[in-house]
Amino acid sequence: MADIVSVAEARRADSVGREVVVQGWVRTRRDSKAGFSFIEVNDGSCFGNIQIIAEAALPNYESEIKRLSPGCCVGVTGLVKASPGKGQATEIQAAVVVVHGLADVKTYPLQKKGHSFEFLRTIAHLRPRTNTFGAVARVRNRACNSIHQFFQERGFLYVHTPIITASDCEGAGAMFQVTALDLAADKERGTKGEKGEKGVKGAGIDFSKDFFNRPAYLTVSGQLEAETFACALSKTYTFGPTFRAENSNTPRHLAEFWMVEPEAAFFDLQDDMELAEGLLKRIFRDVLQECPEDMQFFNQRIDKTVIETLEHIVESEFLRVSYSDAIDILRKSGQRFEFPTAWGNDLQVEHERFLTETHFRRPVILYDYPREIKPFYMRVNDDGRTVRAMDVLVPKVGEIVGGSQREERLDLLERRMREQGLDPESYWWYLDLRRFGTVPHSGFGLGLERAIQFVTGMSNIRDVIPFPRTPGNAEF
RNA sequence: UCCCCGAUAGCUCAAUUGGUAGAGCGAGCGGCUGUUAACCGCUAGGUCCAAGGUUCGAGUCCUUGUCGGGGAGCCA
């Protein structure tokens with residue numbers, strides 16, 4: 001009886017001699033006048049295809065097999081043999097070829113040739129069938145697995161923070177509002193009655209009658225909620241989707257993206273940096289080891305330096321440079337920058353690129369930023385002018401991790417909130433963590449897609465998430 | 001949101017100073033072949049993004065819009 005096996009398994013040399021069934025989608029078919037056809041089948045289990053030898057003697061050879069084209073779905077029963085040709089260790093001599101579904105070659109959008117990523121984005125439902133997007137999917141899966149393993153092995157608890165949140169002031173950018181109200185109907189009412197309020201946000205809408213009796217939003221970060229669990233269970237992390245309604249149109253931004261956010265009690269900024277460095281190295285090492293074929297592909301077709309870069313990073317220490325030292329380096333560099341490099345200004349992309357790509361040529365962790373340019377929850381240093389923030393910057397992608405030691409002192413935290421125009425009242429539960437058994441703690445956020453971009457060398461973030469959400473784009 | 005660039009065959013792209021639309025790949029047919037981004041020959045295939053405008057004449061110049069790319073801001 002034939003075993004149902006993956007293409008990955010059938011490709012292994014030790015499968016020679018086995019009677020197997022493989023199932024997948026046709027990539028190409030080449031006919032030989034010697035009386036048979038080569039069919040390449042891929043099922044996503046690995047980068048490579050399995051080559052099927054289909055003899056003309058098969059009963060459905062003329063009726064079906066010779067009509068097979070890219071995109072058709074087949075199941076093949078046959079004997080795995082050592083392949084005499086170049087390019088593959090094994091092939092399958094087909095005894096039975098079942099055609100599950102044909103794909104009309106005139107209308108099927110994917111061809112044997114390479115397509116531009118811009119075009120593939122317009123057929124996001126079919127692009128997983130391409131080499132590149134299959135490889136991205138496998139690498140992304142591997143990275144997610146590594147993230148969980150990394151934290152689980154270190155005793156971090158996976159906490160599910162809410163997707164819908166009522167706190168509209170997490171300070172990480174514009175939010176998507178969530179409502180169960182019929183906004184179209186409410187808008188009509190509003191414009192009929194009070195003409196003056198047209199155009200005002202929420203005009204004519206009474207959110208106290210909404211589902212949550214208040215305005216609600218999609219989360220921009222699980223950090224504040226994760227802190228509540230860190231202040232009880234010590235080491236925690238969240239890993240889930242986050243949403244930003246910013247009108248960002250860049251190859252590094254998405255409206256919906258996945259973020260890893262560890263939050264750990266008794267961790268200071270040093271511990272936080274070590275944790276971030278360890279996590280990134282773990283992801284890189286695992287992907288290199290576990291996805292060699294996919295990485296080889298990225299190295300050949302996408303970015304000829306990715307493997308070398310990742311190997312180098314895994315072996316070397318991330319540099320740690322204070323914000324103040326970074327400003328000194330930039331000022332003394334002799335480089336001309338569009339934006340001034342004065343102490344107190346936030347670093348611009350050009351500055352980050354100079355540091356990671358020209359000056360240090362590797363990942364850098366910057367820390368101790370000016371308090372004015374960082375959010376309220378970051379712990380103020382003894383100098384009073386900096387906070388314990390840290391950003392991990394990598395070449396090309398830029399900021400991949402942003403984190404900090406959190407302010408655990410109630411009075412200072414409240415003062416910082418008022419400084420930034422926030423009302424401590426609305427953060428009563430967050431402040432309770434400092435009121436009752438406060439603890440030094442730290443955490444960071446890792447943008448999953450940016451990490452995948454860095455690992456694969458893919459230049460546009462829209463091509464490392466299955467279904468990208470960006471301004472004006474949610475077709476699939 | 002701002003700046004720059006682009007949109008022509010199914011895909012990737014050409015088209016001179018404004019003068020009747022081209023190639024490669026893909027597709028169809030034929031040839032050849034243990035092939036592997038196969039190869040060789042022939043054939044078909046176009047609302048030149050949309051709407052206005054300038055002109056005897058617009059793929060080409062102008063305006064507006066839509067979509068895409070690059071850069072910037074916001075950030076992860």
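The chains referred to below are lettered A, B, ... by the order of the sequence lines, with proteins before strands, and numbering in each begins at 1.
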note = To the nearest angstrom, the NZ-C1' distance between A:Lys374 and B:A76 comes to 11 Å

request  = May I ask you to say what A:Gln111 touches in the nucleic acid, namely base, sugar-phosphate or nothing, with a heavy-atom cut-off under 4.0 Å?
outcome  = base

query = Salt-bridged, A:Glu263 to A:Lys235, with N to O below 4.0 Å?
reply = no

Pairwise C1' distance, B:A50 and B:C67 [rounded to whole Å] = 11 Å

ask   = Considering only the P atoms, how many Å lie between B:A9 and B:C5, rounded to the nearest integer?
value = 23 Å

query = Going by an N to O cut-off under 4.0 Å, is there a salt bridge joining A:Lys106 and A:Asp104?
reply = no

task = Quote, to the nearest angstrom, the P distance that separates B:G18 from B:G59.
result = 13 Å

request  = Please state the C1' separation for the pair B:U20 and B:C56 - nearest whole angstrom.
outcome  = 15 Å

ask   = With a non-hydrogen cut-off below 4.0 angstrom, is A:Phe119 in contact with a base, only sugar-phosphate, or nothing?
value = sugar-phosphate

remark   = Per nearest nucleotide of RNA chain B, the residue lying toward the 5' end, A:Glu399 or A:Arg301, is A:Arg301

inquiry  = Checking contacts here: which listed nucleotide (B:G73, B:G68, B:U36) is nearest the side-chain heavy atoms of A:Val349?
reply    = B:G73

ask   = Which is true for A:Arg462 with a 4.0 Å heavy-atom rule: it touches a base, it touches only sugar-phosphate, or it touches nothing?
value = sugar-phosphate

query = salt bridge (charged side-chain N to carboxylate O under 4.0 Å, His left out): which pairs involve residues 276-286 of chain A, sequence neighbours left out?
reply = A:Arg142-A:Asp286, A:Glu153-A:Arg282, A:Glu277-A:Lys281, A:Glu277-A:Arg320, A:Arg282-A:Asp286

task = Salt-bridge test for A:Arg121 and A:Asp463: reply yes if a basic N is under 4.0 Å from a carboxylate O, no otherwise.
result = yes

inquiry  = Taking A:Arg11 first and then A:Glu293, would you say they form a salt bridge - that is, a charged N and a carboxylate O separated by under 4.0 Å?
reply    = yes

query = Would you call the rings of A:Tyr323 and A:Tyr369 parallel, tilted or perpendicular, where under 30° means parallel and over 60° means perpendicular?
reply = tilted

query = In residues 61-90 of chain A, what residues come within less than 4.0 Å of RNA chain B, judged by heavy atoms?
reply = A:Ser83, A:Pro84, A:Gly85, A:Lys86, A:Gln88

ask   = Could a donor-acceptor pair under 3.5 angstrom be found where the side chain of A:Gln348 meets the base of B:G73?
value = no

request  = Please state the P separation for the pair B:C29 and B:G6 - nearest whole angstrom.
outcome  = 40 Å

key: C1'-based separation of B:G71 from B:G65 [nearest Å]   = 23 Å

request  = For RNA chain B, produce a single dot-bracket line, 5' to 3'. Pairs: Watson-Crick or G-U wobble, both distances under 3.5 Å. Symbols: ( ) within strand, [ ] crossing, | other strand, . unpaired.
outcome  = (((((((..((((.....[..)))).(((((.......))))).....(((((..]....))))))))))))....

request  = Measure the acute angle between the ring planes of A:Phe47 and A:Phe297, then classify it against the limits of 30° and 60° as parallel, tilted or perpendicular.
outcome  = tilted

task = Provide, to the nearest angstrom, the distance between the CZ atom belonging to A:Arg27 and the C1' atom belonging to B:U35.
result = 18 Å

key: Rounded distance in Å - CD (A:Glu256) to C1' (B:C75)   = 17 Å

ask   = Within the modelled atom types, does a donor on one side and an acceptor on the other bring the side chain of A:His115 and the base of B:C11 under 3.5 Å apart?
value = no

query = Does A:Glu91 get its side chain close enough to the base of B:G34, under 3.5 Å, for a donor-acceptor pair?
reply = yes

ask   = OP1, OP2 of B:G73 versus side-chain N and O of A:Asn249: anything below 4.0 Å?
value = no

task = Return the set of residues passing side chain to side chain contact (heavy atoms under 4.5 Å, CB included) with A:Phe339 (not counting sequence neighbours), or none when no residue passes.
result = A:Gln348, A:Glu350, A:His351

ask   = Got a donor-acceptor contact below 3.5 angstrom from the A:Thr90 side chain to the A:Val16 backbone?
value = no

task = Round to a whole Å and report the spacing from CD of A:Glu118 to C1' of B:G10.
result = 17 Å

Over all atoms of both residues, closest heavy-atom pair of A:Ile163 and A:Pro241 = CD1-CG, 3.8 Å

From B:A38, B:A76, B:G34, nucleotide with atom closest to A:Ile461 side chain = B:A76

task = Classify the nucleic acid contact of A:Glu350 as base, sugar-phosphate or nothing, counting any heavy atom under 4.0 Å across all strands shown.
result = nothing

With sequence neighbours excluded, residues passing side chain to side chain donor-acceptor pair (under 3.5 Å) with A:Asn60 = A:Glu64

remark   = Here the distance between atom P of B:A76 and atom CG of A:Leu254, to the nearest Å, is 14 Å

message = Taking any heavy-atom pair under 4.0 Å as a contact, classify A:Leu448: base, sugar-phosphate, or nothing.
response = nothing

query = Would you say the base of B:C74 and the side-chain of A:Ser248 have a donor-acceptor pair closer than 3.5 Å?
reply = yes

inquiry  = In terms of relative ring orientation, are A:Phe243 and A:Phe176 parallel, tilted or perpendicular, with 30° and 60° separating the classes?
reply    = perpendicular

inquiry  = Expected output is a numbered-order residue list: members of residues 29-42 of chain A with a heavy atom under 4.0 Å from any atom of RNA chain B. What is it?
reply    = A:Arg30, A:Asp31, A:Ser32, A:Lys33, A:Ala34, A:Phe36, A:Phe38, A:Glu40

task = For nucleotides B:C25 and B:C40, find the distance between their P atoms and express it as a whole number of Å.
result = 7 Å

ask   = Atom CD of A:Gln223 to atom P of B:A76: distance rounded to whole Å?
value = 9 Å

task = Provide, to the nearest angstrom, the distance between the CZ atom belonging to A:Arg252 and the C1' atom belonging to B:G73.
result = 10 Å

task = Under 4.0 Å between any heavy atoms, over every strand shown, what does A:Pro251 touch: base, sugar-phosphate, or nothing? Just pick one.
result = sugar-phosphate

query = Where do A:Tyr237 and A:Phe151 land on the ring pair (Phe, Tyr, Trp, His ring centres under 6.0 Å) test, with the steps shown first?
reply = CA-CA 8 Å; A:Tyr237 69 106; A:Phe151 287 119; 4.6 Å; yes

inquiry  = Measure CZ/A:Phe339 against P/B:G71 and give the value in whole Å, please.
reply    = 15 Å

ask   = Using 30° and 60° as the class limits, which term best fits the ring planes of A:Tyr430 and A:Phe376: parallel, tilted or perpendicular?
value = perpendicular

query = Across the strands shown, which category fits A:Ile400 at heavy-atom distances under 4.0 angstrom: base, sugar-phosphate, nothing?
reply = sugar-phosphate

key: Pairwise P distance, B:G68 and B:C61 [rounded to whole Å]   = 23 Å

